[in-house]
> 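For reference, the structure I am asking about is given below.
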Amino acid sequence: MNEREWTGEEVVRRAELQRLRELGIDPYPAREFPVTHHAADILRDFKPENADQWTNVAVAGRVMNRRTQGKAGFMDLLDESGRIQIYLKRDILCPGPDETLYKEVFEKLTAIGDVVGIRGRVFVTKTGHVTVEARDYVFLAKSLRPWPVPREKDGVVYDKFSDPELRHRMRYVDLVLNPEVKERFLKRGALVRTMREFMLSHGCHEVETPILQPVYGGALAKPFVTHHNALDMPLYLRIANELYLKRLIVGGFERVFEFAKDFRNEGMSRFHNPEFTQMEFYAAYKDYLWMMNFVEEMLERVAVAVNGTPEVPDTPISFARPWKRFTFFGAILEYTAVDAQTASDDELIELAQRLGARFDRRPDRAQLWDEIFSSAVEPRLVNPTIIMDYPVEMSPLAKRKPENPALTERFEVVCNGKEICNAYSELNDPIDQRARFAEQAAARSAGNDETMPLDEDFLRALEFGMPPTAGLGVGIDRLAMILTRANSIQEVLFFPHMRPENFS
RNA sequence: GAGUCCGUAGCUCAGCUGGUAGAGCAUUUGACUUUUAAUCAAAUGGUCCCGGGUUCGAGUCCCGGCGGACUCACCA
């Protein structure tokens, strides 16, 4: 094994480890340490008048600070709930002649980052701090790396562990040292939990569908490709699970959903990670108008679960119903005073260029509309806003509007200038669907490399007959970013994708 | 991909118009039996991201590379 050279502090910690073993203390014991209380429980519930009920507590956690003072000392212990102070007095920890536990194990061999267990009684110090007085001291795990612990006084934090690269590469350190980071991930958990409970309470079945797919589909994106050895064939990591969930609707499930990791082989930015999470949901016998109301209710509830209120704190964003609704062309008209539906190609090109667009070759109308919408409309939509009735060219899986076949029954929810939901009355006409795939194939041969390949089995399923269905996709990462005011997707992913680290 | 900025001790950072490396914390040793950014005294700690160039001399200036941050454009 090719281990790197140790720093001075690491040499010290390994010597401490060795010394613990010489003293007969296992630095990584196998037996459980039966914890009776968490730090937050003690701080919340302890009262000096019933101190007699607090004479035998057991706490465990990571040593975050040590203040020794000769024959007594203090430590701060961090567990999942928070910090608690420990008081270690030599004469209590070592009542007999052997002072090793205090003089060596605590004073010399314990370092910041070590995990220890304490048994003792709770009391309040002169300075008013609820503290556990240690009667017993158990080593639970020796830390061999120095921890970059910040210091804090009067609410000001010094030497904060703030380098984004180090924080993301060593999230385990980040989570220990930066409580607000842990808080954000707890909020993401509340988001997912609330959404799942909402779905389940509406009669939806949670399902799992393939991640490795022989044909990718359900979105317009470049896939990751891998290879199955036994079958000697390429497989794609899914870019969406839409086509599989619709197969389940054909199969008789009326409401299915999946929290799905999807994978797209595209650029990375503060809004894009190669793998990301979508919640996709399909409801038979419903349409996109029903889905709009469903999404409004669901996201309002999620926002309340995360922040206690539909307003996102310190932002102008509110998820309170009802949300503003525009048609796609209505929104363009509102923000550019141009009727993009009837305007000529040249007028659209002129408008797009005025908005800052540059084109390598002559764009088609769908590209122009998309360009105009994303530069003139999207950035202006701060509160959640429903945009509906997209042009059919931009929506190969959505049902056409009966009164205008150039438009589809599709809506997106745009919030904080970004799309967070995408929904349709799903196309269930197998003949139309086959034609849309053919258009995609034509676009592919014309040079567009983000098109949908034809999925013959999916078409077969539609030919067996799919009930009219409303479908929805929610971008969980982006929703988490908005609800926790994160300015980068990396802040809402425990382990965002990064360049490989060079350990040599 | 384009532009701007950054890379110095384990961590957070200073280092002027080029003159040979600094602080706080962490670590080590000692003192201290209710402290809390504990305090006090002392000590250790550096491939100044890498490579080349200019120069008597480069952490500092120039070129190239690597890594990162931010802003902008595109897919969720």
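Protein chains get the first letters and strands the later ones, always in sequence-line order, with residue 1 at the start of each.
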> Say you pick atom P in G19(B) and the same atom in G59(B); how far apart are they, in whole Å?
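G19(B) and G59(B) have their P atoms separated by 10 Å.
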> Taking ring-ring contact (aromatic ring centres under 6.0 Å, His included) as the test, write out the residues that go with Phe281(A), two or more places apart.
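Listed in chain order: Phe294(A).
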> How close do Ile317(A) and Cys415(A) get, heavy atom to heavy atom, and via which atoms?
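Here Ile317(A) and Cys415(A) meet closest at CG2-SG, 3.9 Å.
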> In plain terms, say whether Arg14(A) and Glu10(A) are close enough for a salt bridge, that is, a side-chain N and a carboxylate O under 4.0 Å apart.
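Between Glu10(A) and Arg14(A) there is no salt bridge, as every charged N stays at least 4.0 Å from the carboxylate O atoms.
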> Using atom C1' of each nucleotide, how far apart are A23(B) and C63(B) to the nearest Å?
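Those two atoms are separated by 33 Å.
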> Between G65(B) and A73(B), how many Å separate the two C1' atoms, rounded to a whole number?
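Comparing C1' positions in G65(B) and A73(B) gives a spacing of 26 Å.
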> Output a table of nitrogen or oxygen pairs between the protein and nucleotides 3-6 of chain B separated by less than 3.5 Å.
none

> Under a 3.5 Å limit for both distances, which nucleotide forms a Watson-Crick or G-U wobble pair with U28(B), could you say?
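Across all strands, the one nucleotide that pairs with U28(B) is A42(B).
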> Mapping Ser269(A) and Ser162(A) onto RNA chain B by nearest heavy atom, which one lands closer to the 5' end?
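It is Ser162(A), whose closest nucleotide lies nearer the 5' terminus.
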> Round to a whole Å and report the spacing from CZ of Arg478(A) to P of C74(B).
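Result: 12 Å.
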> Could you go through nucleotides 68-72 of chain B and list every protein N or O atom that sits under 3.5 Å from one of its N or O atoms, giving the distance for each pair?
from, atom 1, to, atom 2, distance (Å)
G68(B), OP2, Arg499(A), NH1, 3.0

> Using a 3.5 Å distance criterion without hydrogens, assess whether the side chain of Thr110(A) forms a donor-acceptor pair with backbone atoms of Val105(A).
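Flag set: sc Thr110(A) to bb Val105(A) pair under 3.5 Å.
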> If I pick the P atom on U29(B) and the same atom on A21(B), what distance separates them, to the nearest angstrom?
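These two P atoms come out 29 Å apart once rounded.
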> Does Phe139(A) have any ring-ring contact (aromatic ring centres under 6.0 Å, His included) partners at least two apart in sequence or in another chain, and if so, which?
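With neighbours one apart ignored, the set is empty.
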> Say you pick atom C1' in U4(B) and the same atom in A43(B); how far apart are they, in whole Å?
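After rounding to an integer number of Å, I get 43 Å for this pair.
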> Hey, are Glu99(A) and Lys71(A) close enough for a salt bridge, meaning a charged N less than 4.0 Å from a carboxylate O?
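Lys71(A) and Glu99(A): not salt-bridged.
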> Would you measure the distance from the C1' atom in U33(B) across to the matching atom in A37(B) and give it in whole Å?
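Looking at atom C1' only, U33(B) and A37(B) are 22 Å apart.
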> Does Gln85(A) or Lys103(A) map to a spot on RNA chain B nearer the 5' end, using the closest nucleotide for each?
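It is Lys103(A), whose closest nucleotide lies nearer the 5' terminus.
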> Under the side-chain hydrogen bond (donor to acceptor under 3.5 Å, both in side chains) test, which residues partner Glu206(A), sequence neighbours left out?
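Glu206(A) satisfies side-chain hydrogen bond (donor to acceptor under 3.5 Å, both in side chains) with Arg196(A) only.
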> Report the C-alpha separation of Phe328(A) and Tyr390(A) in whole Å, then their side-chain angles, then the decisive distance to 0.1 Å, and conclude whether the ring pair (Phe, Tyr, Trp, His ring centres under 6.0 Å) test is met.
CA-CA 6 Å; Phe328(A) 180 80; Tyr390(A) 282 70; 4.9 Å; yes
> So what's A37(B) paired with, Watson-Crick or G-U wobble, going by both distances under 3.5 Å?
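Across all strands, not a single nucleotide pairs with A37(B).
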> For the side chain of Ser374(A), counting heavy atoms from C-beta on, which of A76(B), U35(B), C74(B) is nearest?
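For Ser374(A), the side-chain atoms sit closest to C74(B).
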> For G3(B), which nucleotide in any strand shown is its Watson-Crick or wobble partner with both distances under 3.5 Å?
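Matched G3(B) with C70(B) under the 3.5 Å cut-off.
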> Starting at CE of Met268(A) and ending at C1' of A73(B), how long is that distance when rounded to a whole Å?
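Taking CE of Met268(A) and C1' of A73(B), I get 17 Å after rounding.
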> Given atom OH of Tyr87(A) and atom C1' of C32(B), what is their separation to the nearest angstrom?
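Checked: the OH to C1' distance equals 12 Å.
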> Counting only Watson-Crick or G-U wobble pairs whose two distances fall under 3.5 Å, which nucleotide matches A23(B)?
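When the pairing criteria are applied, U12(B) turns out to be the nucleotide that pairs with A23(B).
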> How far apart are the closest heavy atoms of Asp79(A) and Lys182(A), and which atoms are they?
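Shortest heavy-atom separation between Asp79(A) and Lys182(A) comes out as O-NZ, 4.3 Å.
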> Using the P atom on both, measure G64(B) against A76(B) and round to a whole Å.
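Comparing P positions in G64(B) and A76(B) gives a spacing of 37 Å.
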> Hey, are Arg410(A) and Glu412(A) close enough for a salt bridge, meaning a charged N less than 4.0 Å from a carboxylate O?
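Judged by the 4.0 Å cut-off on N to carboxylate O distance, Arg410(A) and Glu412(A) do form a salt bridge.
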> Applying the Watson-Crick and G-U wobble criteria at under 3.5 Å, what pairs with U55(B)? Answer none if nothing qualifies.
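Check on U55(B): unpaired, no WC or wobble geometry under 3.5 Å.
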> Identify which one of Glu258(A), Lys261(A), Lys246(A) satisfies the side chain to side chain donor-acceptor pair (under 3.5 Å) criterion when paired with Asn241(A).
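Answer to the side chain to side chain donor-acceptor pair (under 3.5 Å) test with Asn241(A) among Glu258(A), Lys261(A), Lys246(A): Glu258(A).
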> Determine, answering yes or no, if Phe271(A) is stacked on A76(B) under the 5.5 Å centre rule and the 30° plane rule.
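So no, this residue does not stack on that base, at least one cut-off failing.
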> Tabulate atom names and distances for all N/O pairs under 3.5 angstrom spanning the protein and nucleotides 21-30 of chain B.
from, atom 1, to, atom 2, distance (Å)
G24(B), N2, Asp159(A), OD1, 3.3
G24(B), N2, Asp159(A), OD2, 2.8
A26(B), O2', Glu9(A), OE1, 3.3
A26(B), N3, Glu9(A), OE2, 3.2
U28(B), OP1, Glu16(A), OE2, 3.2
G30(B), OP2, Lys108(A), NZ, 3.2

> Regarding Arg66(A) and the six-membered ring of Phe106(A), is the cationic atom NZ or CZ under 6.0 Å from the ring centre and inside 45° of its axis?
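Judged by the rule (NZ or CZ under 6.0 Å from the ring centre, within 45° of its axis), Arg66(A) counts as positioned above Phe106(A).
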> Check the distance between A76(B)'s C1' and Ile420(A)'s CD1 and give it to me in whole angstrom.
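Spelled out: CD1 on Ile420(A) to C1' on A76(B) is 11 Å.
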> What's the CG-P distance between Asp477(A) and A76(B), to the nearest Å?
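Taking CG of Asp477(A) and P of A76(B), I get 13 Å after rounding.
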> Of the nucleotides U33(B), C74(B), U34(B), which one has an atom closest to the side chain of Arg90(A)?
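Given the options U33(B), C74(B), U34(B), the side chain of Arg90(A) is closest to U33(B).
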> So that I can tick it off, tell me whether Glu378(A) and Lys418(A) are bridged by a salt bridge, with the cut-off set at under 4.0 angstrom between side-chain N and carboxylate O.
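No salt bridge links Lys418(A) with Glu378(A).
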> For U60(B), what is the paired nucleotide under Watson-Crick or G-U wobble rules, both distances under 3.5 Å?
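Paired with U60(B), as far as the under-3.5 Å criterion goes, is no nucleotide at all.
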> Between A9(B) and C5(B), how many Å separate the two C1' atoms, rounded to a whole number?
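That atom pair is separated by 24 Å.
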